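Naming convention: chains lettered A, B, ... in sequence-line order (proteins, then strands); numbering from 1 in each chain. The shown structure was predicted, so the numbers you read here are calculated from the model rather than taken from an experiment.
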Number of protein chains: 2
Amino acid sequence: MKTSRSRPRIRDVAEAAGVSETTVSHVLNNKGRVDAATRARVAEVAERLGYRPNSNARGLRSGRADTIALLLPVGADLALSHHVLAVDFYLSLTMSCVEAAFEHDQALLQLPPLRKLDDLRRFSIDGGIVVDPVPEDPRVAMFQRLGLPVVTVGRDITHPDDPWWVAADSAASTSAVLDHFVAAGARRVAMLSVDIEWSWFADAELAYVEWTESHGHEPMLVLARPDKLDSSAAEAANRLLDLRPDAVYAPPQWLATGLLRVARERGVRVPDDLLVSVGVDSHLARTSEPPLTAVDLDPARTASEAVDLLVRRIEGRESEGPRLIPVALHPRASTMRADVHVTAGPATRRRPARP
Amino acid sequence: MKTSRSRPRIRDVAEAAGVSETTVSHVLNNKGRVDAATRARVAEVAERLGYRPNSNARGLRSGRADTIALLLPVGADLALSHHVLAVDFYLSLTMSCVEAAFEHDQALLQLPPLRKLDDLRRFSIDGGIVVDPVPEDPRVAMFQRLGLPVVTVGRDITHPDDPWWVAADSAASTSAVLDHFVAAGARRVAMLSVDIEWSWFADAELAYVEWTESHGHEPMLVLARPDKLDSSAAEAANRLLDLRPDAVYAPPQWLATGLLRVARERGVRVPDDLLVSVGVDSHLARTSEPPLTAVDLDPARTASEAVDLLVRRIEGRESEGPRLIPVALHPRASTMRADVHVTAGPATRRRPARP
DNA sequence: CTGAAAGCGCTTACAG
DNA sequence: CTGAAAGCGCTTACAG
């Protein structure tokens with residue numbers, strides 16, 4: 001047993017295998033022409049020695065960092081931002097990105113809110129995943145300014161031709177929820193959403209309006225302001241309930257819970273008088289009173305497609321188009337009337353409406 | 001205006017300032033003796049050129065990566081783990097670590113669950129923050145095996161002498177909650193916790209038992225199993241309610257919500273018949289029915305202290321002891337009886353009991 | 001198919 | 001106080 005030295009370098013592998021460092025490098029990176037037998041021997045030796053390339057050396061020489069960045073639309077102070085969608089989604093997305101990156105031999109760097117271009121320059125990365133971009137998102141712009149590949153989770157609604165995004169299918173989610181409402185007996189179906197230009201919300205609104213048109217209904221749509229969350233939710237929910245809907249799709253989590261609270265205060269019973277569904281699943285949705293019917297956004301799938309797409313872009317390949325993630329509806333008590341037979345509408349796979 | 005070249009190297013700064021690369025390096029790293037005027041001029045030139053050292057080159061040469069790792073006790077599949085404490089806490093902790101690291105000129109790498117030592121070897125990092133360690137935590141062991149500095153959020157309850165940890169003050173939280181119960185009129189105070197060997201839970205249990213002893217009460221303590229969350233919560237909550245408590249402190253979020261559900265089923269009214277408090281704050285705690293009195297763990301403060309402590313350890317300095325983070329109690333409707341005047345017990349700062 | 005050599009951009013003894 | 005030179009561990013033309 002040799003005394004355990006510091007980690008082996010490529011030279012150690014070369015010596016042990018009786019070849020040059022060049023050949024070892026070729027084997028490890030699947031480059032150049034190397035005799036099959038040599039290749040096998042080198043690979044075996046590298047494995048036996050537990051060789052791991054030094055990523056700094058590799059990065060310095062090759063220009064690659066083998067590291068990708070993740071940019072959530074959340075700062076350290078979650079007070080405002082994180083309840084707009086749902087914490088569960090962002091945490092699950094994060095951990096899934098970490099695992100997906102790992103499988104692509106990439107490390108995942110979590111980035112802080114970027115104030116200026118120099119903030120981004122500090123990091124040694126090959127590209128980034130920007131979550132929930134707003135129109136002309138400054139984070140995306142910074143990546144582009146530095147010539148760094150970028151992929152978004154959710155799309156910039158002002159860039160219809162960008163093929164470099166991944167998103168849960170908001171239009172299909174909306175249809176699934178609305179059809180589910182109707183199957184449960186609803187006749188006055190409304191939407192409670194937020195005035196934020198994320199594609200998830202924009203596409204849901206569009207799908208809702210189209211749906212009401214094709215069903216010959218008047219749209220009942222109220223948008224809450226994205227600031228002062230508690231009061232804006234209450235204000236918007238009250239305004240919506242004044243319209244006397246019997247079913248409400250509230251994509252953002254904080255509006256769904258706000259609506260539940262306001263309904264309780266006004267003596268509106270859920271689900272007896274009002275059906276409610278939220279656009280993202282969470283522990284909160286599962287345990288609220290009553291439990292909320294919710295859309296499962298499949299953050300794990302979203303993450304793995306996003307990482308895959310980013311790696312593709314980093315490698316200089318073409319995108320074969322944006323990737324829409326199928327969703328699933330989880331019906332719960334908030335849309336289950338005792339007297340109505342309910343069918344869960346399947347989440348049909350559909351392209352989102354493009355402006 | 002020069003055509004915008006790729007980022008400037010140290011040589012460009014040296015030439016523009018009329019000094020050697022060595023001097024530039026010394027200025028940038030605050031090393032060696034450099035004339036004050038030279039120092040100022042070099043710094044100014046570097047600033048003007050927008051110079052940023054190449055972290056791969058720096059890392060290769062110096063052995064430092066200027067990158068720290070964060071290891072949450074959560075995998076991509078949040079199904080089990082993440083509700084044991086609360087998603088809000090982990091996400092906030094993560095984003096706060098990112099910002100704290102940024103302020104220390106470190107990048108923050110999120111790590112996947114580590115299956116084997118080689119998984120860890122793949123990353124180029126200077127150290128790591130392991131969140132919620134279990135006894136002889138394998139993640140901590142891997143860091144130690146590679147000689148990498150590590151700091152934990154929460155402590156390993158079997159290593160009382162380790163000074164390298166940061167944790168919210170669980171004992172003080174528990175006292176604050178229990179005293180708050182008594183002030184609200186409770187006389188049969190119970191605890192509902194989980195059989196996981198995290199210090200947050202262990203210290204709360206210990207504090208509870210000590211508190212009952214010093215108040216001359218019989219302890220009523222039920223521990224849920226950490227698997228099959230929904231059924232274990234229901235089973236444990238039912239068992240506890242059979243003991244007829246009039247107040248329950250449930251540190252883990254999923255048990256607090258499980259208790260609320262079981263109480264509802266059994267016709268036990270909260271807060272009229274039963275006071276309930278949870279050990280971690282979240283959107284769910286704020287919006288549940290009724291809203292739950294909760295302990296604010298101050299994840300932002302915890303994160304910044306953890307990063308600070310890790311940087312200290314990386315620099316080879318001594319720890320001046322573990323860091324206990326003060327907590328705050330947020331009283332809400334779940335402990336507010338209409339007929340009792342309630343005072344929020346201040347979270348006193350206390351060292352946790354050490355086994 | 002294989003290897004010698006250059007060089008990525010820094011930092012760090014070391015010499016002056 | 002300042003700088004020339006070596007070298008961190010790789011990858012990549014290039015030559016054979």
Considering residues at least two apart in sequence or located in another chain, which fulfil the salt bridge (Lys or Arg N to Asp or Glu O under 4.0 Å) criterion with [X]?
X	value
A:Arg121	A:Asp118
A:Arg139	A:Asp137
A:Glu136	none
A:Arg48	A:Glu44

Please name all residues satisfying side chain to side chain donor-acceptor pair (under 3.5 Å) with [X], sequence neighbours left out, ordered by chain then number.
X	result
A:Arg52	none
A:Asn54	none
A:Glu21	none
A:Arg317	A:Glu315

From [atom1] of [X] over to [atom2] of [N], roughly how many Å is that when rounded to an integer?
X	N	atom1	atom2	value
B:Arg33	D:dC1	CZ	C1'	9 Å
B:Asp66	C:dT11	CG	P	10 Å
B:Leu28	C:dT12	CG	P	12 Å

Seminar exercise, completed: Residues of residues 37-48 of chain A with a heavy atom under 4.0 Å from any atom of DNA chain C, listed by number, are A:Thr38
Seminar exercise, completed: Every stem of 3 or more Watson-Crick or G-U pairs under 3.5 Å that DNA chain D joins, in order of first number, is C:1-3 with D:14-16, C:5-12 with D:5-12, C:14-16 with D:1-3
For this session: Report, as a single string ordered 5' to 3', how protein heavy atoms within less than 4.0 Å touch nucleotides 3-9 of chain D: B base, S sugar-phosphate only, - not at all.
Result: BBBBBBB
Exercise. Considering all heavy atoms of both residues, which atom of B:Met95 and which atom of A:Val74 are nearest to each other, and what is their separation?
Worked result: CE-O, 3.2 Å
Exercise. Does D:dT12 have OP1 or OP2 sitting under 4.0 Å from an N or O in the side chain of A:Lys31?
Worked result: yes
Considering only distance and modelled atom types, tabulate donor-acceptor pairs under 3.5 Å from the side chains of residues 60-72 of chain A, sequence neighbours left out.
residue	atom	partner	partner atom	Å
A:Ser62	OG	A:Arg58	O	2.6
A:Ser62	OG	A:Arg64	N	3.2
A:Arg64	NH1	A:Asp66	OD1	3.3
A:Thr67	OG1	A:Ala65	O	3.0

